[in-house]
Amino acid sequence: MRMHTLGHSDLSVSALGLGCMGMSEFYKGASEEEAIATLNHALDLGLNFLDTADMYGPFTNEALVGRALRTRRGEAVLATKFGNMRGEDGAFLGVNGRPDYVRACCDASLRRLGVDVIDLYYQHRVDRTVPIEETVGAMAELVKAGKVRYLGMSEASPATLRRAHAVHPISALQTEYSLWTRDPEDEVLPTVRELGISFVAYSPLGRGFLTARFKTPADIPEGDYRRNAPRFQGENFTRNLDLVREVERMAQERGVKASQLALAWVMAQGKDIVPIPGTTRRDHLEENLAALAIVLTAEDLARLEAIAPQGAAAGLRYPEATLRHVNG
């Protein structure tokens, strides 16, 4: 397993992480038993970077990850997040970055995870009503208290990231990045590289679209979050499927899967980028890990650039209402 040290930390993480969200919510078909087995299999194979959040479930994903780590805590680098408020009924209640909320969320996450310290604690979304200095100041207090080791941000704008980093070193920025979401290349990636912050790429497989498993919108299960995602709907779906077919054709020529080619592309964008594809099954986990062995040539990268140039994906990456809380 290739390892990376996250910026401004001593956290040594696997070159490929594991997003745990889908094990509890949003994507249909997950089995808790298989999810636990997948988490353990990941650790067995040397994948140690596990990503969860208090809002996933809501509140149940941290507990699931905690059960898997009960006897293996020392093998994992554990990342979780706060900031997206949800009710016990699952309702979304907005974004909160107030210091008292930060402290309460951390204590609740520690209890659910069943751990003494969180390795990497992210602000999940930026609360524009609270100065980022106040939010990160409260996060820094958690580091001093020994409850958190290092700090991260998610979907923060370059300006916000700079202000946050001036309060306390930020080790990682987590933002969506893939062959069909390349927006970070304009300003975000140059900023994190200037500041020495690692970039954690979530949804590096385009919420599963880049695996080439969806051939029609009907392939998305009833009740699955992706049915409401603009890129999975109508004409957008058709146009995006054309893009994926080209990726799949190239992958077949290489004797690999479309998902593996897509992950290899993300990893080829820089050693400071750590993708965290989500999966709920051991076989898919093994497929993702096989992408580590793929070496893309300059010709390969040029071909993928032609297939999926920046802005090639049709449709917004989130519904309009959700987009209000990204790039804060």
Side-chain angles (χ1 to χ4, degrees), residues 2-17 19 48-51 53 77-84 95 97 99 102 105-106 117-145 147-178 181-204 265-276 310 317 323 325-328:
R2 297 201 304 271
M3 305 298 288
H4 296 311
T5 299
L6 291 183
H8 306 290
S9 84
D10 63 359
L11 298 175
S12 181
V13 302
S14 47
L16 199 68
N48 73 340
F49 192 25
L50 307 181
D51 182 272
V77 173
L78 181 58
T80 192
K81 317 177 198 73
F82 75 92
N84 281 314
V95 174
V102 175
C105 284
C106 180
V117 62
I118 295 163
D119 295 315
L120 180 62
Y121 200 42
Y122 291 100
Q123 181 181 20
H124 206 163
R125 293 291 184 270
V126 174
D127 182 350
R128 291 181 172 89
T129 70
V130 178
I132 194 63
E133 290 81 2
E134 293 183 16
T135 303
V136 176
M139 295 168 71
E141 291 174 6
L142 298 174
V143 176
K144 291 178 183 177
K147 296 179 179 182
V148 168
R149 297 185 66 198
Y150 298 101
L151 304 184
M153 304 286 291
S154 179
E155 291 285 2
S157 69
T160 299
L161 187 61
R162 290 181 185 279
R163 289 168 56 196
H165 190 63
V167 175
H168 186 280
I170 301 299
S171 295
L173 174 72
Q174 182 177 135
T175 294
E176 184 174 354
Y177 187 49
S178 70
T181 300
R182 298 182 55 181
D183 315 62
E185 294 173 358
D186 290 334
E187 297 182 54
V188 173
L189 276 171
T191 300
V192 296
R193 284 170 172 158
E194 175 191 337
L195 298 176
I197 297 170
S198 292
F199 186 92
V200 176
Y202 78 82
S203 293
W265 179 87
V266 174
M267 289 185 282
Q269 304 313 300
K271 292 182 179 179
D272 54 347
I273 297 177
V274 182
I276 53 168
Q310 189 174 154
R317 63 189 179 104
L323 277 174
H325 299 299
V326 304
N327 201 31

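The shown structure was predicted, so the numbers you read here are calculated from the model rather than taken from an experiment.
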Distance col, row K81:NZ vs S154:OG, nearest 0.5 angstrom, shows 6.5 Å
For a quick test of reading the model, state the closest non-hydrogen atom pair linking S14 to F49 and the distance between them.
OG-N, 3.6 Å
More than 12 heavy atoms of other residues, nucleotides or ligands under 6.0 Å from CD of Q310: is that the case?
yes
Looking only at non-hydrogen atoms, find the nearest pair between Y122 and M139 and report the distance.
C-CE, 4.2 Å
Do the non-hydrogen side-chain atoms of R162 and E194 ever get within less than 4.5 Å of each other?
yes
Give the intermediate values and the outcome of side chain to side chain contact (heavy atoms under 4.5 Å, CB included) for residues L78 and L120.
CA-CA 6 Å; L78 181 58; L120 180 62; over 6 Å; no
Supply the atom-to-atom distance L151 CG to I118 CD1, rounded to the nearest 0.5 angstrom.
10.5 Å
Taking the side chain as every heavy atom from C-beta outward, state whether V274 and F199 have any atom pair closer than 4.5 Å.
no
Nearest-0.5 Å distance that lies between atom OG1 in T80 and atom CG in D119
11.0 Å
Search all heavy atoms of A15 against all heavy atoms of P275 and return the closest pair with its distance.
O-CD, 3.5 Å
Quick one, P158 and V188 - any side-chain contact, counting heavy atoms below 4.5 Å?
yes
Would you indicate whether the side-chain heavy atoms of V102 and T135 approach each other to under 4.5 Å?
yes
Nearest-0.5 Å distance, CD of residue E155 to CG of residue L161:
12.0 Å
Where the side chain of H124 meets the backbone of G83, is there a donor-acceptor pair that is under 3.5 Å apart?
no
Can N48 and M3 be said to form a side chain to side chain contact (heavy atoms under 4.5 Å, CB included), step by step?
CA-CA 9 Å; N48 73 340; M3 305 298 288; 3.7 Å; yes
Checking T181 side chain against E176 main chain: does a donor-acceptor pair fall under 3.5 Å?
no
Straight-line distance of M153 CE to T175 OG1, nearest 0.5 Å
9.5 Å
Heavy-atom side-chain proximity of V200 to L173 below 4.5 angstrom
no
Look at the side chain of D272 and the backbone N and O of G7, then say whether any donor-acceptor pair between them is shorter than 3.5 Å.
no
Least distance between heavy atoms, Y177 atom then E185 atom
OH-OE2, 2.6 Å
For a 4.5 angstrom cut-off between non-hydrogen side-chain atoms, does D51 reach Q174?
yes
Donor-acceptor under 3.5 Å (H8 side chain, L195 main chain):
yes
At their closest point, which heavy atom of K147 faces which heavy atom of C106, and how far apart are they?
CB-SG, 4.0 Å
Which atom pair, heavy atoms only, marks the closest approach of I273 to V266?
CG2-CG1, 3.8 Å
With a 3.5 Å distance limit and no angle check, can you tell me whether S171 reaches the backbone of G152 through a side-chain donor-acceptor pair?
no
Residue that, paired with I197, satisfies side chain to side chain contact (heavy atoms under 4.5 Å, CB included) out of I170, L6, T191:
I170
Taken to the nearest 0.5 Å, the spacing of H165 NE2 from T160 OG1 works out to 14.5 Å
Flag the pair D10 / R149 as yes when at least one side-chain heavy-atom distance between them is below 4.5 Å, and no otherwise.
yes
